Amino acid sequence: MASRRAMGMVAAICVALGLANRGWAQGPAVTGAPPQQIGQRISLDLKGVDILDVLKLLSQKSGLNFIAGRNLSGRVTIFVNDVDVWEAFELIIAANDLAYERKGTIVTVMMGRDYELLYGERFQGRTESFVTLLRHAKVEQVATVLNQLKSSIGRVIVDEATNTLIIEDIPARVAGMRTLLTQLDRPTESRVYALNYSDAEKLKEKVQTHLSPIGTLTFDARTNKVVVSDLPEAMRKIDEMILAFDSPEGQVLIEAKIVKVELNDQMDLGIDWKQVFSADLEARSNFRLLSDIVGGTATGGAMKLFTASNDKTQIIIEALKKLTKTETLSNPRILVSNNQEAKILVGKKEAVVTVTTTVPATGSTVSSPEIQYVDVGTKLFVTPNIKPNGHIQLKVRPEVSTSTIETFQTNRIPIITSTEAETNVLVKSGVTLVIGGLIETKDEQKHQRIPVLSDLPVIGMLFRSTSTVKTKTELVLFLTPQIIGPDGSTTPVPAAVEPSVDVTFPVVTLTEPVPVSYRHVIRQRLQGRLISQFRAAALPAGSVVLSFVLSHDGALVEAPEVTSPQGQPFILAAQQAVQQAQPFPPFPAGSQATEVRFRVAVDYVP
């Protein structure tokens with residue numbers, strides 16, 4: 001009955017067998033050893049067929065001898081066309097979590113879990129192993145790399161005493177690990193770097209990411225030396241990195257003038273710089289063109305930025321004195337390393353007394369007073385970043401704060417009121433940056449009295465009076481950053497000093513695509529055209545920023561980008577000025593650049 005059912009099922013699912021009928025080559029009696037191909041070709045179209053029926057079908061049509069295990073069960077779905085019978089059998093075993101044991105021509109098929117219980121390992125986890133003695137690399141480091149490559153059933157065993165590695169895994173993974181070992185177990189190089197400028201501990205974090213899997217880096221904080229061991233090709237990269245990082249940073253000398261300006265009725269909203277410039281023609285000439293600030297005039301909630309030549313700073317202060325009362329509060333000078341923050345405080349430290357009261361288990365109260373100090377006054381935070389060709393990127397944060405004292409349960413509590421702003425500007429070394437707009441309003445008590453009579457009892461109050469007057473002042477800060485080299489000179493930072501290793505590497509120096517003198521010619525020509533065009537259009541005061549690209553022959557590559565806070569009239573006038581300024585001179589001889597972008601900012605005062 002079972003035979004008829006099987007044959008009927010075979011007919012229903014259309015099993016086509018090839019005509020060849022060579023016998024199955026007898027293999028070694030080793031469990032799981034790969035047999036030779038049978039040579040019998042078969043096509044199967046099975047869906048949900050019992051595994052016992054499938055094995056019987058394969059046995060009848062190909063001459064294979066199958067024995068079903070005690071717990072063998074399941075249904076098979078397979079669609080193959082013209083494949084070797086043994087290959088089809090292997091596909092069925094792999095797809096249904098089955099296993100088999102072959103002894104000669106007898107194949108015993110069982111469930112995968114039964115095979116694992118019988119032999120102590122998974123059927124699909126047939127592994128191979130090998131032992132290798134590492135000659136150069138450290139076994140702990142290599143094991144860390146190989147553990148990332150092994151399969152879920154693989155093992156990497158380490159013997160540190162003999163520097164031996166034992167690997168067990170499936171054949172494909174073992175072959176890959178053998179190949180990797182030939183790359184890792186090679187002679188390494190070791191070097192000691194005596195750092196001149198960098199900190200060894202900080203440099204370690206940057207270099208370690210570029211080491212090979214077997215590379216090592218150690219440092220000695222006392223002598224500021226770094227020891228690196230790695231493969232030769234990796235050491236070449238490490239040499240370049242340490243040469244680049246161990247270079248002098250340079251410093252920036254920041255000279256500041258903090259000036260207090262009393263605002264009169266005409267300056268209720270702050271200093272009118274147009275009025276200042278009109279009062280002093282020399283001061284006006286120093287502030288007309290703002291080409292030294294990338295992006296032109298920058299404004300903030302409590303800030304207006306201008307630039308001027310350092311030696312003209314006193315002229316600006318004298319121009320302010322002609323209009324109102326001006327007082328120089330401080331003139332500090334501070335030297336700060338590149339990318340480090342400098343802090344300048346002109347004011348005082350307010351003491352705040354706090355009392356902590358504790359009640360222990362004994363019931364007696366214990367009070368612990370603590371004094372803290374709060375900075376009040378004019379604070380200036382400046383972080384310089386040295387750029388190529390003598391430029392400095394300044395992160396500026398001025399802050400003006402005042403305090404009023406209140407008491408709460410005998411404690412002095414200062415109430416701090418502050419005005420602050422923050423900006424980033426790019427200026428040339430030696431150019432003065434002027435920051436204004438930090439306005440402070442105070443109520444002052446003014447007492448008026450008539451001598452002698454105001455001191456009489458009772459009627460003396462008729463001869464004296466007290467009034468409250470509002471006073472407004474604005475703080476103006478003049479900042480002059482100057483690049484100072486490691487040797488104390490005011491020249492740009494010198495090239496990097498090579499580390500104390502007998503290795504030579506090329507040093508790449510970034511240079512301007514065109515000389516500074518050529519940029520000056522382009523700027524001067526365009527500024528003259530802009531001012532003429534603004535005057536011809538009878539425009540009021542305003543500013544404009546232009547960005548355009550010139551080709552090697554001086555031709556304009558595309559339409560310039562123009563922005564202006566005053567809107568379309570200034571933009572149209574600036575576009576016409578660019579057209580009138582053509583043709584521009586070609587790039588100087590020796591310039592390798594094909595196209596260069598220029599940026600010009602102009603502040604127009606009619």
Side-chain angles (χ1 to χ4, degrees), residues 24-38 84 86-87 89-190 208-218 228-235 237:
W24 177 21
Q26 192 174 32
V30 178
T31 300
Q36 301 175 2
Q37 287 192 342
I38 299 172
D84 188 85
W86 185 259
E87 291 180 2
F89 172 71
E90 289 272 16
L91 292 174
I92 294 173
I93 294 297
N96 294 273
D97 194 21
L98 303 177
Y100 66 86
E101 178 188 9
R102 184 175 58 86
K103 294 182 179 179
T105 60
I106 307 299
V107 180
T108 302
V109 183
M110 64 191 76
M111 301 300 294
R113 60 179 178 273
D114 292 338
Y115 183 93
E116 188 172 356
L117 291 173
L118 183 61
Y119 294 104
E121 62 179 3
R122 296 179 58 188
F123 174 76
Q124 296 295 342
R126 290 169 292 180
T127 63
E128 66 179 46
S129 60
F130 77 97
V131 180
T132 181
L133 174 64
L134 302 184
R135 299 182 179 276
H136 305 286
K138 292 184 178 180
V139 67
E140 303 93 335
Q141 295 174 297
V142 174
T144 302
V145 180
L146 297 182
N147 276 319
Q148 300 176 8
L149 300 179
K150 69 179 182 65
S151 67
S152 59
I153 63 172
R155 294 188 300 166
V156 178
I157 304 172
V158 173
D159 183 9
E160 297 184 12
T162 60
N163 207 40
T164 301
L165 198 64
I166 304 172
I167 297 175
E168 181 182 3
D169 211 331
I170 60 177
R173 295 295 177 94
V174 169
M177 287 189 276
R178 282 181 181 270
T179 303
L180 182 60
L181 277 175
T182 60
Q183 299 295 323
L184 297 180
D185 191 24
R186 291 186 290 150
T188 60
E189 297 179 1
S190 298
Q208 273 187 328
T209 57
H210 296 272
L211 295 174
S212 73
I214 64 171
T216 61
L217 184 149
T218 57
V228 182
S229 297
D230 211 334
L231 299 173
E233 59 270 21
M235 288 301 300
K237 297 180 181 179

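Keep in mind it's a predicted model, so treat the numbers as computed, not measured.
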Could you tell me the separation between the NE2 atom of His210 and the CG atom of Leu217, rounded to the nearest 0.5 Å?
12.0 Å

Test Thr188 against Thr216 for side chain to side chain contact (heavy atoms under 4.5 Å, CB included), laying out the working first.
CA-CA 10 Å; Thr188 60; Thr216 61; over 6 Å; no

Using every non-hydrogen atom in the two residues, find where Ala137 and Val142 come nearest and quote the distance to one decimal.
CB-CG2, 3.6 Å

Walk me through whether Glu168 and Arg155 qualify under side chain to side chain contact (heavy atoms under 4.5 Å, CB included).
CA-CA 5 Å; Glu168 181 182 3; Arg155 294 188 300 166; 2.5 Å; yes

Got a second to check how far Met177's CE is from Lys150's NZ, nearest 0.5 Å?
8.5 Å

Take Ile167 and Leu181 through the test side chain to side chain contact (heavy atoms under 4.5 Å, CB included) and record every step on the way to the result.
CA-CA 11 Å; Ile167 297 175; Leu181 277 175; 4.1 Å; yes

The residue among Asp185, Ile157, Val139 that forms side-chain contact (heavy atoms from CB on, under 4.5 Å) with Leu165 is Val139

For Thr162 versus Leu133, what's the shortest heavy-atom pair and its separation?
O-CD1, 2.8 Å

To the nearest 0.5 Å, how far apart are OG1 in Thr209 and CG in Leu211?
7.5 Å

Give me the atom names and distance for the closest heavy-atom approach of Met235 to Val228.
SD-CG1, 3.8 Å

Does the side chain of Leu180 come within less than 4.5 Å of Leu146's, by heavy atoms?
yes

State, to 0.1 Å, how close Leu184 and Leu231 come at their nearest heavy-atom pair, and which atoms those are.
O-CD2, 4.3 Å

Heavy-atom closest pair, residues Pro232 and Glu189:
CB-OE2, 3.6 Å

Are the side chains of Gln141 and Thr144 in contact, using a 4.5 Å heavy-atom criterion?
no

Test item: Asp230 side-chain N/O and Ser212 main-chain N/O as donor-acceptor pair under 3.5 Å:
yes

Does any non-hydrogen side-chain atom of Thr164 lie less than 4.5 Å from one of Val131?
yes

Closer than 3.5 angstrom, by distance alone: can the side chain of Asn96 be matched with the main-chain N or O of Leu98 as a donor-acceptor pair?
no

dist Leu118:CG -> Glu101:CD (nearest 0.5 Å) comes out at 7.0 Å

Backbone N or O of Leu149 within a donor-acceptor pair of the Arg173 side chain at under 3.5 Å?
yes

Mind running side chain to side chain contact (heavy atoms under 4.5 Å, CB included) on Ile166 and Asp159 for me, showing each step along the way?
CA-CA 8 Å; Ile166 304 172; Asp159 183 9; 5.9 Å; no

Please report the interatomic distance CG(Asp114) to OG1(Thr108), rounded to the nearest 0.5 Å.
12.0 Å

Minimum heavy-atom separation for Trp86 to Tyr100, with atom names?
CZ2-OH, 3.6 Å

